[in-house]
Amino acid sequence: MSIDQFANRFVCDLVAYEPGKPIDETARELGLNPADIVKVASNENPLGPSPLAKEAMRAALEEAHIYPDGGGYRLRSAISTMFEVPIDQVVIGNGSNEIIELLCHSFLNPGAELIAAEHAFVVYKLMATLFGARYVEVPDPGFVHDLDAMADAITEHTRLVFIANPNNPTGTMVGQEAIDRFMARVPEHVVVVFDEAYYEFVKNPPDTLKYVREGRNVCVLRTFSKIHGLAALRAGFGLASKGVTAILQKARQPFNVNAIAQVGALAALNDTKHVNATRAMNDEGLEFYEKAFAERGLKFVPSVANFLLVEVGDGDRVFKEMLQQGVIVRAMRSYKLPEWVRISIGTPAQNRRCLEVLDQVLAAVPA
Ligand SMILES: *Cc1c(COP(=O)(O)O)cnc(C)c1O
């Protein structure tokens, strides 16, 4: 008899999230030195963690025996000041992924609907499944969210609409006009989530915080995992209406963000030097790849984030063969894009190495 029949059936229905392949695992399998592996699979910061965060976290280790500030007062105050949103509209999470889960925990029941774009970040679908909700997938022609169609899809059962902006894995963004037109149509029983994990990479990002300040039922998600280079810490935050924030605060664990992460995130928030250096390197890398792909006649999706999608024919083959040479990219089959791989922007040396290996693999006759 299988234990599955006694478990929550929504959990049994889940397909576990497949993260980018870890460097250590790849090095072990290939018998290589981890330092020789190029991982451009998880949109991590190639410049490493914010130096200010590292320094602050080292000092914080001395207090590791004390429970964290469960209310996250210092970090939430700093976020409140920086984004000009009252502190009771700030929630912190163990990565912004935790806040995605808290939103779903708080607003989804079996029978409720969650709306997202066809090629949206896959975690939304996992969470909709976990809470037994109906996942409504709206086509995104040209890999860009179609907000008019997403507004059309809203019903009396809709509770959450997720807009990843820029979206992962497509790297595309919707602008202010489309967002304003969309927001004018959203009824009160729907919470709109703007997942802005890559916000800091964008030159002219749309303003969604105005809706938070207006008290609309929105939640804007940001993270320390991407431009701040702190993916290992698991720290992110949400800015939402008072009502939505109060619900999320009830749904979270008492000490959901650890003390070292709170201190690191606080320091990173003001590390504009690291943010600017990362953005500059990323712009250069995007340009490098877009030029290279155009020269080779490879189809790609122009990106405003720190990664891009390129069409390679058989994404699984290209992933595997690049891996054999120590370069980890991300195959896209789980996003229903089996012909594509996603490449994160690295250092100039990593970008050159990745392109060189991609060239070799594409030149070889498919096995
Ligand atoms: C990387 C990413 C996140 C951030 O995840 P964390 O849990 O904060 O590390 C959130 N949303 C999208 C679309 C992402 O790509």
Side-chain angles (χ1 to χ4, degrees), residues 17-20 22 39-46 49-50 53 72 75 79 90-105 114-128 130 137 140 143-145 160-174 192-202 205 208 218-240 248 252-253 256-258 260-262 264-265 268-269 278 282 301 303-309 329-330 332 334-335 337 342-345:
Y17 178 79
E18 238 184 276
K39 184 187 179 206
V40 282
S42 301
N43 307 339
E44 292 147 342
N45 188 328
S50 148
L75 178 56
I79 292 168
V90 180
V91 60
I92 57 177
N94 190 248
S96 53
N97 267 293
E98 189 198 18
I99 305 179
I100 295 172
E101 178 169 355
L102 295 177
L103 283 159
C104 293
H105 204 164
L114 181 158
I115 297 174
E118 189 179 351
H119 298 101
F121 188 43
V122 75
V123 170
Y124 314 146
K125 187 178 195 167
L126 296 181
M127 291 299 126
L130 181 58
E137 219 168 68
D140 48 4
F143 295 126
V144 181
H145 280 43
L160 293 170
V161 179
F162 276 85
I163 299 168
N165 207 37
N167 182 43
N168 172 16
T170 60
T172 59
M173 188 181 74
V174 285
V192 178
V193 184
F194 292 101
D195 183 348
E196 300 182 341
Y198 304 95
Y199 178 87
E200 300 87 350
F201 289 101
V202 177
T208 49
V218 305
C219 182
V220 174
L221 298 178
R222 301 278 175 87
T223 181
F224 293 98
S225 298
K226 304 290 159 58
I227 208 159
H228 299 102
L230 299 172
L233 287 193
R234 315 305 304 123
F237 59 100
L239 302 162
L248 297 177
R252 70 178 178 84
Q253 293 263 341
N256 62 328
V257 182
N258 74 72
I260 310 297
Q262 288 189 35
L269 207 53
T278 304
N282 191 67
V301 183
S303 167
V304 296
N306 66 342
F307 54 85
L308 80 186
L309 276 183
V329 299
R330 194 74 158 262
M332 286 282 115
S334 57
Y335 280 89
L337 298 168
R342 192 193 66 198
I343 299 175
S344 306
I345 306 301

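Whatever order the structure lists ligands and atoms in, that order sets their numbers, starting from 1. One is the number of the first residue; the rest follow in order along the sequence. This one's a predicted model, so the numbers in the text were calculated from it and none came from an experiment.
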When distances are taken from atom 11 (N) of ligand 1, the protein heavy atom at minimum range is D195 OD2, 2.7 Å

With heavy atoms and a 4.0 Å threshold, my read on which part of R234 contacts ligand 1 is side chain

The protein heavy atom nearest to atom 3 (C) of ligand 1 is K226 NZ, 3.4 Å

For G95, the atoms of ligand 1 under 4.0 Å from one of its heavy atoms are 6 (P), 7 (O), 8 (O)

Within the 4.0 Å heavy-atom cut-off, what N97 brings close to ligand 1 is both

Are F143 and H119 close enough, and set up right, to give a ring-ring contact (aromatic ring centres under 6.0 Å, His included), and what steps lead you there?
CA-CA 7 Å; F143 295 126; H119 298 101; 5.1 Å; yes

protein heavy-atom neighbour closest to atom 9 (O) of ligand 1 works out as S225 OG, 2.6 Å

Per side-chain hydrogen bond (donor to acceptor under 3.5 Å, both in side chains), Y198 is matched among N43, N165, N306 by N43

All heavy atoms of A305 vs all of N282, minimum pair found to be O-ND2, 3.0 Å

for atom 4 (C) of ligand 1, nearest protein heavy atom and its distance come out as S96 OG, 3.2 Å

So the atoms of ligand 1 within less than 4.0 Å of a heavy atom of N168 turn out to be 13 (C), 14 (C), 15 (O)

Quick look: F224 vs ligand 1, heavy-atom contacts under 4.0 Å, and the answer is neither

Note: K125-E137 ion pair, threshold 4.0 Å (strictly below): yes

In short, S96 meets T223 closest at the heavy-atom pair OG-CB, 3.7 Å

Taking only non-hydrogen atoms of A197 and a 4.0 Å limit, the atoms of ligand 1 in range are 2 (C), 3 (C), 10 (C), 11 (N), 12 (C), 14 (C)

Q) Looking at side-chain heavy atoms only, is the closest gap between L160 and C104 below 4.5 Å? A) yes

Practice task
Evaluate the side chain to side chain contact (heavy atoms under 4.5 Å, CB included) criterion for residues F194 and V161: first the C-alpha distance (whole Å), next the side-chain angles of each, then the deciding distance (0.1 Å), finally the verdict.
Solution key: CA-CA 9 Å; F194 292 101; V161 179; over 6 Å; no

